[in-house]
Amino acid sequence: MYETYDLCVTELHGNIDEKYKAFNDPIAKSEYKTLGVRIPVIKKLAKSVPMNCRTVILNDFFAEKEHTFESVLFAGCLAARKGDYEQTRGYLMRLIPLFGSWAHVDCVVPCLDWADPDALWKDFRYLTDRNGQYEKRMYIIIMMGRCLSDRYIDPILDTLAHMEYGQYYVDMAAAWLLAECLIKFYGKTLPLFTLQTFPKFVHNKAIQKARESYRIAPDVKEYLKTLKIV
């Protein structure tokens with residue numbers, strides 16, 4: 001049983017894989033030191049923590065002066081585990097500013113599959129006004145992973161149309177989400193491309209991603225190709 005933060009850290013260090021570290025470091029591009037622990041191992045560890053120990057473990061994590069890529073990811077997965085939503089929201093609001101890789105965002109959001117999309121939409125919307133690229137990316141991935149539906153497509157498109165761009169991992173996430181919007185809500189999304197609403201990189205990358213999908217008909221893919229900004 002992993003009932004203390006020290007035990008969790010010891011477990012992370014016991015699963016270091018140098019070959020994986022060499023493979024993953026250029027991909028994760030972490031702002032933190034990396035150990036080289038595989039992500040499934042980190043997620044399994046987070047799920048192994050008794051829920052009545054979550055608070056003390058996360059408090060010890062926040063008190064630690066030096067973090068690693070793996071410790072932040074572990075804390076994120078633990079914070080996002082199914083439980084008391086108000087606690088989860090509080091943990092994540094403290095943790096998201098510490099994210100130092102796109103992987104922190106993209107691995108933590110799926111752990112929130114139990115949370116109410118309406119609550120996530122409202123409670124984390126403030127992230128769109130933050131300067132950190134991983135904070136903005138967090139909300140974009142929440143919109144894509146938890147809110148992409150008939151109910152939210154119009155406010156999602158409006159949010160994307162008014163977002164500040166120019167940060168790589170924000171732009172990539174927005175392009176990914178816009179591609180999904182083209183695939184699932186083509187009629188609503190297409191006008192934003194005919195009007196060239198987004199910066200060139202976001203615009204073209206979204207079209208590229210949409211055209212790579214098997215969920216779009218060949219004739220639509222050809223038309224989208226004509227909308228690329230040269």
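Computed over heavy atoms, backbone and side chain alike; hydrogens, waters and symmetry mates excluded.
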Could you state the interatomic distance from [atom1] ([X]) to [atom2] ([Y]), rounded to the nearest 0.5 Å?
X	Y	atom1	atom2	result
I156	F185	CD1	CZ	7.5 Å
T34	K29	OG1	NZ	12.5 Å
K136	N131	NZ	CG	5.5 Å
E18	L35	CD	CG	9.0 Å
Y139	D129	OH	CG	10.5 Å
K209	W176	NZ	CH2	7.0 Å

Do any N or O atoms from the side chain of [X] and from the backbone of [Y] form a donor-acceptor pair under 3.5 angstrom?
X	Y	value
R81	C111	no
D171	G166	yes
W114	A80	yes
N204	K228	no
S30	F69	no

Heavy-atom distance under 4.5 Å between the side chains of [X] and [Y], does that happen here?
X	Y	answer
T88	L112	yes
C181	I153	yes
V108	F99	yes
L190	L227	yes
F62	L95	yes
V202	L160	no
R54	Q87	yes
Y32	S71	no

What closest approach, in Å, do [X] and [Y] show between heavy atoms, and which atom pair accounts for it?
X	Y	result
L73	C107	CD1-CB, 3.6 Å
I216	A210	CD1-O, 3.5 Å
P97	M93	CD-O, 3.3 Å
A173	I141	CB-CD1, 4.1 Å
C8	L45	O-CD2, 3.6 Å
Y134	S101	CE2-C, 3.4 Å

For [X], look at atom [atom1] and say whether over 12 heavy atoms of other residues, nucleotides or ligands are found less than 6.0 Å away.
X	atom1	result
Y168	OH	no
Y126	OH	yes
K221	NZ	yes
E86	CD	yes
E222	CD	yes

**Message:** One pair to check against side-chain contact (heavy atoms from CB on, under 4.5 Å): Y223 and V220. What are the steps and the verdict?
**Reply:** CA-CA 5 Å; Y223 175 63; V220 176; 5.6 Å; no
Could you work out, with salt bridge (Lys or Arg N to Asp or Glu O under 4.0 Å) as the rule, every residue matching [X], not counting sequence neighbours?
X	result
D154	K188
E180	K184, R215
D106	R137

**Prompt:** Shared ILVMFWY cluster between I16 and F23, side chains joined below 4.5 angstrom?
**Reply:** yes
**Message:** For residues L195 and Y186: do they belong to one hydrophobic cluster (side chain heavy atoms under 4.5 Å, members Ile, Leu, Val, Met, Phe, Trp, Tyr)?
**Reply:** no
**Request:** Using the side-chain hydrogen bond (donor to acceptor under 3.5 Å, both in side chains) rule, collect all pairs that involve residues 4-13, keeping only residues at least two apart or in two chains.
**Result:** Y2-E11, Y5-E64, E11-N15
**Request:** Apply side-chain contact (heavy atoms from CB on, under 4.5 Å) to T159 and W121, showing your working.
**Result:** CA-CA 11 Å; T159 299; W121 176 273; 3.9 Å; yes
**Request:** Any chance you could lay out the side-chain contact (heavy atoms from CB on, under 4.5 Å) test for R94 and L58, step after step, and finish with the verdict?
**Result:** CA-CA 10 Å; R94 292 177 66 189; L58 287 174; over 6 Å; no
**Message:** Just by distance, no angles: are the side chains of T55 and Y91 close enough, under 3.5 Å, to form a donor-acceptor pair?
**Reply:** yes
**Message:** Run the side chain to side chain donor-acceptor pair (under 3.5 Å) test against K205 and tell me which residues pass, sequence neighbours left out.
**Reply:** Q208
**Item:** Contact list for residues 117-128, test salt bridge (charged side-chain N to carboxylate O under 4.0 Å, His left out), sequence neighbours left out
**Value:** R89-D123, D118-R151
**Prompt:** For the residue pair F193 and F198, does the interplanar ring angle fall in the parallel (under 30°), tilted (30 to 60°) or perpendicular (over 60°) class?
**Reply:** tilted
**Request:** Tell me, with the steps shown, if L148 and L177 meet side-chain contact (heavy atoms from CB on, under 4.5 Å).
**Result:** CA-CA 9 Å; L148 189 54; L177 175 50; 4.3 Å; yes
